[in-house]
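All values below were derived from every heavy atom in this structure, side-chain atoms included, with hydrogens, water molecules and symmetry-related copies excluded.
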Amino acid sequence: MKSAIRSVTDRIRARSADARSAYLERVERLLGRPRGADRMGCANVAHAFAALPADSRLRVVTERAPNVAIVTAYNDMLSAHQPYEAFPAVIRDEARRHGATAQVAGGVPAMCDGVTQGLPGMELSLFSRDTIAMGTAIALSHDVFDAALMLGICDKIVPGLLIGALHFGHLPTVFVPGGPMSTGLANEAKAKVREQYAQGLVGREELLAAESAAYHGPGTCTFYGTANSNQMLMEAMGLHVPGAAFVHPHAGLREALTREAVRRVLAMATPGELLPIGRLVDERAIVNAMVALLATGGSTNHLIHWVAVARAAGITIDWSDFAALSAEVPLLARVYPNGAADVNQFQAAGGPGYVIGQLLAAGCLHPDVATIAGPGLERYAALPAAAGDGTLAWQPVGESADIAVLRPADSPFSPSGGLKLLQGNLGRAVIKVSAVPADRHVIEAPARVFDDQESLQAAFKAGELDRDLVAVVRFQGPCANGMPELHKLTPPLAVLQGKGFRVALVTDGRMSGASGKVPAAIHVSPEALAGGPLARLRDGDIVRVDADAGTLEARVDAAEWAAREPATITPGQAAANSHDLGRELFAGMRRNVRSAEEGAVTWL
């Protein structure tokens, strides 16, 4: 392995030693108990299995057969999750074939950021992750399970399921994906129509037609945003059946992969072979996920989510760790918004198996890890195929089938991962430059300060932003309003950049995994509402966003800067952030949430 990557892992291990040790002690204590149906009272057992067929009740109680929990994020609202409707029947059938039982232990909420983008519902999005984690805990709290299968794909859902699963770290657990939708309107064509609409060149009818052609069927959206980044990270952590991420929901191979997930989790629950998720997800697995994210230009949301995931396993990581890894990890993939290809083209070029194989060869991943498929991450440098008897076989990936999409580690798109940590008198932030033109890595311009995204949109429509500027959108952090994604700001800012103006975004809010060519210093911490320095900015202040030097500075005299009274939100703004569409129910989360760099966790 590269010594620098090993050093980051060692640093994380040392920092996390006490918390990780305490976590593993809890896992081992729970592993030492008698199985659920043996230790529980008779009434408890009867309630747990009352709805099972008689022969299944016999298996669980008398024959002591394994009982697998299914935690599902199925709903009809999310295209990616709609296919999960049929999965429990397949899982139960496969479990029966192997003398086991399976029960849907519970469902967790799954909201679509594409539906709520730019709307009040998006203010519940980040907190839905911890709600999903709690829902997972409630599902597993019946405590009669020997293993678990997690059915989820999209943005907050996979991190939430994983956080919840790690709080039941004594259970062997496998994640079961559903796959992407087929290719529709090209992502670049969709983005062009969005920019035309922002300029008033096309109407709502044309925009809706383009969006509907892009998002048109079951499966995940085909750009490489947070949902598809989730799938890449699950492969790199060894939590999927190898190669399961990007097989279409209705491909014949999908059912075979789902059945294999059942076989794998039962093998992991076998006495003497027991592999609980709390042991599997260690410092090396977390670093492997971070490396895979950087090597593929994945979603910036995971600089929040994976911090929280790590904390759930007793491991502490921060943005300095991401930045140190980014300097060592080559960028191997160009998938929209970091390129023209969609995830189907990414899969056709070699997909996660190619990326993992190249990163292993380059010494960028820990190879000696446990996975749900067995010891060693090299098992994930392969592609699955159906064998004649209905089982699966894995084949070497070979060379990239399209070097415009995937390149080898010795000839990458960039020698580094394209993620930078920014620090200065405006706080700490991150910027993703893998899709940003090199001549835009440094922007210095007067600030135009907004307290919400609607005000920026209005100023753009009024023609007030046709100049070089750094657009600052503050009071968008977790405490303020739940840290919504500000992806709807991308089209107007891209239009300004297309006109030749030098523009950048600075915000304590989030940008989607679909953030692209406009430089954006995001997740600024501490946030403005918590007294962060964005609250001291004023219109006209010169702000420098420097991805090359890693700085984020307001060019204001130090004495004047220190003397400024921080801005605050008005009572009306506070009320607007707190009421309607269920926002009242999340008031406790807004009060207790940690900073973005601490994973925006609400449960510590």
Side-chain angles (χ1 to χ4, degrees), residues 52-53 55-56 59-60 63 65-74 80-107 139 145-153 158 161 165 171-180 218-220 230-231 234-235 237-270 273-277 280 347 351-353 370-374 379-380 382-395:
L52 285 178
D55 62 335
S56 293
R59 284 181 176 181
V60 176
E63 299 176 7
N67 186 36
V68 179
I70 304 168
V71 181
T72 178
Y74 161 72
H81 289 193
Q82 184 273 338
Y84 281 136
E85 182 177 16
F87 278 41
V90 173
I91 291 167
R92 284 191 289 263
D93 178 68
E94 189 64 26
R96 280 195 296 269
R97 293 176 186 227
H98 296 274
T101 59
Q103 293 176 287
V104 174
F145 306 109
D146 302 289
L149 295 173
M150 300 288 156
L151 277 57
I153 297 178
V158 167
L161 288 170
L171 290 176
T173 303
V174 174
F175 280 69
V176 184
T220 58
N230 280 335
Q231 305 313 300
M234 291 292 97
E235 297 272 336
M237 292 179 75
L239 294 174
H240 275 174
V241 171
F246 298 124
V247 174
H248 288 297
H250 302 302
L253 190 58
R254 175 52 65 197
E255 182 174 325
L257 289 163
T258 300
R259 289 183 179 275
E260 178 67 14
V262 180
R263 294 191 289 268
R264 291 310 314 158
V265 83
L266 290 174
M268 293 162 64
T270 302
E273 304 292 331
L274 192 65
L275 180 57
I277 191 171
L280 190 157
Q347 174 72 1
T371 78
I372 67 100
R379 297 170 186 272
Y380 287 77
L383 292 173
D389 58 358
T391 60
L392 291 170
W394 280 266
Q395 304 167 348

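Under the ring-ring contact (aromatic ring centres under 6.0 Å, His included) criterion, F175 pairs with no residue at all, not counting sequence neighbours. Judged as a ring-ring contact (aromatic ring centres under 6.0 Å, His included), and not counting sequence neighbours, the contacts of F87 are Y84.
Considering CG of D146 and CE of M268, their distance stands at 13.0 Å, rounded to 0.5 Å.
Panel note: side chain E235, backbone A245; a donor-acceptor pair is recorded below 3.5 Å. Between the side chain of R59 and the main chain of R96, a donor-acceptor pair closer than 3.5 Å is present.
By the 4.5 Å heavy-atom criterion applied to side chains, V241 and W394 are counted as neighbours. Looking only at side-chain heavy atoms (C-beta outward), M150 and V158 stay at 4.5 Å or farther from each other. Residues P218 and H250 meet the side-chain proximity criterion, which asks for heavy atoms closer than 4.5 Å. With contacts defined as side-chain heavy-atom distances shorter than 4.5 Å, the pair P352/Q347 qualifies. No side-chain heavy atom of R254 sits less than 4.5 Å from a side-chain heavy atom of H248. For the pair V68 and V262, the minimum side-chain heavy-atom distance is 4.5 Å or more. Side chains of I277 and L239 form a contact here, defined as non-hydrogen atoms less than 4.5 Å apart.
Closest heavy-atom contact between H81 and I153: NE2-N, 3.1 Å.
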